[in-house]
Amino acid sequence: MKSSRRKFIKQAAVIIPAASILQSCQPKMTEKIIKPIVVSTWDSGLEVNKVAWQILRTNGKAIDAVEKGANSIEDTINCCVGLGGNPDRDGFVTLDACIMDEKQNCGSVAFLQDIKNPISVARKIMEKTPHVMLVGDGAKKFAIDNGFKEESDVLSDDAKAEYAKWLEKSEYKPQINIEKRQNSETKVPGKLSNGDFNHDTMGIVAIDSNGDLSGACTTSGMGFKMHGRVGDSPIIGGGLFIDNEIGGATSSGQGEEVIRICGTHLVVELMRMGKTPMDACKTAVERIINVNPEKAKTFQVGFLAINKNGIVGGYSVQPGFTYSVTSDDSGGQVFEADSHFK
Ligand code: ASP
């Protein structure tokens, strides 16, 4: 254990160049340890990182940075995170989220309705209850009792239109769409080229200037899912895992496949054994593919990881999984992860 930890500490950290353009594959490595730093899933993470960065750059805590970052996208209308997301097949938007700090305190909320900021409810559960996870009506009651407002008429105009379109066939196809690859000129952050946009989990991991890690993961989950379905995003070790000695990981994509292998816990444990973040993500993706190589051709899963030194890496089943990295005032940068299928 000791020697693998030494090996891990020797690994180099990333340098984030100034421009926020889409880069292929991986950030560059240097000997320098990077902190503070924040990473998040998808191109849309760039805006989330900006909010988190304002806290990190003034020596704020990672747990506050990831919560406020998550809130910023939960508050956005017509986005697949928060109440603006697509509903389930019965027309209800149901939210999943979890949060974890450097002491392995964690809180989680699943199948939550009519509350705008599930990540903050998860944090309250972490801080005010002896439990980790509350779901459904119990979670909603807890939220309202703790001052969260109950929202009404939550379906966004985009979601209403998407739902009406889905109802025409009502075909139950519980599958996360695969991004169509776009070149960097035509790429619109947060939007897919094929208009078939049924997912976008925001997973965020930050290291603050003290060197402490925290993470948050928030989503409305798979569009048009079965009522009551919960994905990987609120599951500690599924959509998010933090170990302050080693690093953190988060995921997006077909939640069932991530849960099956305890995905982010696996990624962190692989980093503990000495793998780089990218290799750890790649091994986790291969584990998923080995479960059912044929089925793996039909879905997307992406893992994003950062180790204690600030080295960042991602890997996905299909091309198109992007992630955002911010470690200075330049506005951050988007990278496209390497993938198993090309
Ligand atoms: N992982 C999420 C879920 O399965 C979906 C996503 O990433 O958008 O609910």
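All ligand and atom numbering here is 1-based and tracks the order in the structure.
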In this structure, are over 12 heavy atoms from other groups packed under 6.0 Å from Arg287 atom CZ? no

Which atoms from ligand 1 have a heavy atom of Ser252 less than 4.0 Å away? 6 (C), 7 (O)

A side-chain contact here means heavy atoms from C-beta on lying under 4.5 Å apart; do Lys225 and Thr94 qualify? yes

Suppose I only count heavy atoms of Asp232 and a 4.0 Å limit; which atoms of ligand 1 are within that range? 1 (N), 2 (C), 3 (C), 4 (O)

Sub-4.0 Å heavy-atom approach of Arg229 to ligand 1: yes

What atoms in ligand 1 come closer than 4.0 Å to a heavy atom of Ser233? 1 (N), 2 (C)

N or O contact, Gly255 vs ligand 1, cut-off under 3.5 Å: yes

By number and element, which atoms of ligand 1 are closer than 4.0 Å to a non-hydrogen atom of Gly221? 9 (O)

Intermediate values then yes/no, ring-ring contact (aromatic ring centres under 6.0 Å, His included), Phe303 and Tyr315: CA-CA 6 Å; Phe303 289 109; Tyr315 203 83; 9.6 Å; no

Got a sec: does the NZ of Lys128 have more than 12 other heavy atoms crowding it under 6.0 Å? no

Strictly below 4.0 Å, N to O, side chains only: are Lys124 and Glu127 in salt-bridge contact? no

Which heavy atom of Ile37 sits nearest to which heavy atom of Gly310, and what is that distance? CD1-O, 3.9 Å

Using heavy atoms and a threshold below 4.0 Å, how should the contact between Ser251 and ligand 1 be classified: side chain, backbone, both, or neither? neither

One finds that the ligand 1 atoms under 4.0 Å from a non-hydrogen atom of Met222 are 9 (O)

